[in-house]
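Read the numbers this way: they start at 1 and go in the same order the structure lists the ligands and their atoms. When a residue number appears, it is its place in the shown sequence, counting from 1. As a basis for the values below, the full set of heavy atoms in this structure was taken, side chains included, without hydrogen atoms, waters or symmetry mates.
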Amino acid sequence: MILRASLLHAVGEGPLEARLEGWSDGGLFIENGRIADAGPFAEVRARHPGAKVRRLEGGLLLPGFVDAHVHYPQTGVIGALGLDLLDWLEQVTLPAEARFADEAYARREARTFLRALVRSGTTRALVFGSHFAPAQAALFEEAATLGFPLTSGLATGDRNLRGELHTTPERAYEENRALIERFHGKNGLRYAVTPRFALSASEALLEVSGALLRAHPDLHFQTHLNENPREIEAVARLFPTARDYLDVYDRYGLVGPRAVFAHDVHPNPRELERLAASAAWVAHCPSSNTFLGSGLFPMRAHLAAGARFALGTDVGAGTRFSLLGEAMDAYKTQRVREDGVNLSAAALLWLATRAGAAALGQADEAGGLEAGKSADLVWLRPLPNSTLEAVLNHAESVERALGALFALAREAEVAAVWIRGRPVYERGMLQAE
Ligand code: GUN
Ligand code: ZN
C-alpha cells in the first residue's frame, strides 16, 4: 500500500540541530508493517506501480508520537486542582490507584488508557504501571490485543504509600519475574523495572530492582527524580549517605542508557553530569510540572551538560494525552524561564517523536519516516471550519503550519493512526473495537 499525503518528520542529532524534512505531495510505501520506501509521490508510485494508493487529503502525515512517561492508572485523576506533588499523591492519586486491586476494573481502565493514547496520535509509550500484578498483566494483554508496542512494568513501593499499594522486596522480585517471563519481548511488548520513586522504596526494594536488571540486561528502567523540593528533602532524609537524589538510584546500579527518569526539574550539576556520562534519559513533563507547581525544567542546563531528554505527558498530573500539547507546554515554559531555550517547530517535533523513540531504545525502529522504520503514523487534519483550518490556510511555510498544529491540534484533529502498518484508529471509530 502507498499512503499519499503531505509528509513531514524531524531529523538531526538533538533538539537544537533538528530540521524538518518532507514532501508536500509525498508517498510512503508500506510493506509488512514497515516503511519500505518514502519520497515524492510520483517517484514512489513509479517504483511500486502495482501498489494500492490511499490518498490522505489535507493536513499532515507525521511519525507517531512517543510518550516517554505516562501513568496507566491515572486517567481518572486528570485535572485535580490545587495540590502539590505529595498532597496530590496522598489525597487524590494513590486512592485512585488502590482501585486497581479489582482486576475487572483495571482491565476496563487499561482499554480506556490505550484508546486515549492512540486517539492522541501516540504510537509508542513508556508507561508507569499499576502496583497490582493482575492489573499490570491486564494492561499488557490489552496492548497486545490492540497491537500497541508498549513498554511498561509493575509499579513497586514498600513504604510511604498506602498500605494496599505496598509490596515486599521478595514479592516484588517474584511478581516482576513472572511478568517479565510472560510478556517481555512478546507481541512488541517490553518490560521496564518501575520502583515508584526513592521516597517509597526501601534499600532492599532498590536492591531487588538492580538484581532484576542484572538478571535481564535488555530490560528498561523507569522512576521519578528531582520533581519537587519537598520530595527532594524527604529523599535526602531517608537516604542520608547518598550524595543526592540520583545517587540513591546509582548505588543500586539503576542509572544507565536504558533508564528514564521522569521530571528532573531540580537537578544539581553533579547529577546532570552523571546523567550525561551514563547516557540515561530524562522524561521532561512540562504540563505536569506547571500543574503541580513543581517548577520549570532547566532545559539549557541539561543541554549544556549533555543530559538527554524526551517528552512525557505524565498523565494524570499532566493534563492530557496529546504530545502536541505537551510539546507546546515545553515551548512555553522555556519562554518564561530567563535562560530558556528557544525551541523551533522542528525541535518540538523531534522531541515528540525521535527523542522518545531513542529513550525507549527504539531509535532504529520508530520516530521517523525513513525506509526501514516501523510504519507508525499519525495523520493530523483540521476539522472543517475550525480555527486550525483558518490558520493553516494562512501558513506561509511548513514551520508555521507545524507551529499551528502544536498550538491548536489535539485529540480531535487526529484523523487516523497506524501502528506497524495497521490502522488502529480513524476519527470516529477505533478499529480494534
Ligand atoms: N512521584 C511518585 N509518584 C508520582 C506520580 O504518580 N506522579 C508524579 N508526577 N510524580 C510522582
Ligand atoms: Zn510520573
Side-chain angles (χ1 to χ4, degrees), residues 67-100 109 113 117 125-132 135-136 151-162 165-167 192-201 205-206 209 220-235 238 245-246 248-249 254 259-266 281-297 309-321 323 326 329 356 359:
D67 193 336
H69 184 75
V70 57
H71 292 255
Y72 147 48
Q74 295 184 10
T75 311
V77 305
I78 292 175
L81 302 177
L83 301 166
D84 74 355
L85 173 66
L86 297 181
D87 293 335
W88 175 84
L89 283 172
E90 185 187 328
Q91 294 174 35
V92 176
T93 302
L94 299 181
E97 293 199 19
R99 296 187 62 187
F100 284 68
E109 288 295 308
F113 172 76
L117 290 178
L126 176 58
V127 173
F128 227 83
S130 167
H131 287 272
F132 301 98
Q136 189 56 31
T151 305
S152 185
L154 180 75
T156 56
D158 60 353
R159 56 174 158 175
N160 294 324
L161 301 172
R162 297 164 70 85
L165 299 180
H166 287 160
T167 186
V193 176
T194 308
R196 187 162 194 132
F197 59 163
L199 196 53
S200 65
L205 185 63
L206 294 171
S209 303
H220 301 262
F221 175 78
Q222 60 178 338
T223 190
H224 294 92
L225 174 70
N226 285 328
E227 181 173 1
N228 165 292
R230 204 148 63 89
E231 169 217 20
I232 295 167
E233 279 164 33
V235 168
L238 219 49
Y245 200 151
L246 185 65
V248 174
Y249 299 128
L254 305 175
V260 177
F261 296 96
H263 303 290
D264 204 31
V265 180
H266 308 284
W281 284 86
V282 166
H284 170 33
C285 309
S287 88
S288 164
N289 294 341
T290 47
F291 183 79
L292 293 178
S294 303
L296 304 177
F297 182 66
F309 54 91
L311 287 178
T313 61
D314 196 31
V315 161
T319 52
R320 32 103 173 103
F321 284 92
L323 263 306
E326 204 60 41
D329 281 358

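- Between Glu227 and ligand 1, a contact under 3.5 Å exists for at least one N or O pair.
- Ligand-side atoms of ligand 1 in range of His263: 9 (N), range being under 4.0 angstrom from any heavy atom.
- The contact set between ligand 1 and Leu85, taken as ligand atoms under 4.0 Å from a residue heavy atom, comprises 8 (C), 10 (N), 11 (C).
- Thr313 and Asp67 are linked by a side-chain donor-acceptor pair at a separation below 3.5 angstrom, with hydrogens and angles left out of the test.
- Its N, O or S atom nearest to the Zn ion (ligand 2) is what matters here, and for Asp314 that atom is OD1.
- Remark: among candidates Phe128, Phe291, Trp88, Phe197, the nearest residue to atom 7 (N) of ligand 1 is Trp88, based on non-hydrogen atoms.
- Judged by distance alone, the side chains of Ser130 and Gln136 never bring a donor and an acceptor atom under 3.5 Å apart.
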message = Using salt bridge (Lys or Arg N to Asp or Glu O under 4.0 Å), reason through Arg196 and Asp158 one step at a time and then give a plain yes or no.
response = CA-CA 10 Å; Arg196 187 162 194 132; Asp158 60 353; over 6 Å; no
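- Of all the heavy atoms of His71, the ones lying under 4.0 Å from any atom of ligand 1 belong exclusively to the side chain.
- Between His71 atom NE2 and His69 atom NE2, the angle centred on the Zn ion (ligand 2) amounts to 100° (nearest 10°).
- Protein heavy atom closest to atom 6 (O) of ligand 1, with residue, atom name and distance, is Arg196 NH2, 2.6 Å.
- The neighbour count for Arg99 CZ, taken as heavy atoms of other residues, nucleotides or ligands under 6.0 Å away, does not exceed 12.
- Close approach to Asp314 involves these atoms of ligand 1, each under 4.0 Å from a residue heavy atom: 8 (C), 9 (N).
- In this structure, Tyr245 and His266 have side chains that are not in contact, with every pair of non-hydrogen atoms separated by 4.5 Å or more.
- Looking at Ser152 and Tyr72, their side chains never bring a donor and an acceptor atom within 3.5 Å of each other.
- For the residue pair Val260 and Ala68, the shortest heavy atom distance occurs at CG1-O, 3.8 Å.
- For His69 and Phe128, the distance between ring centers is under 6.0 angstrom.
- Contacts between Leu199 and ligand 1, counted as non-hydrogen atom pairs separated by less than 4.0 Å, are absent for every part of the residue.
- For Glu97, no nitrogen or oxygen atom sits less than 3.5 Å from a nitrogen or oxygen atom of ligand 1, counting backbone and side chain alike.
- Note on His224: counted as a metal contact of the Zn ion (ligand 2), an N/O/S atom lying under 2.8 Å.
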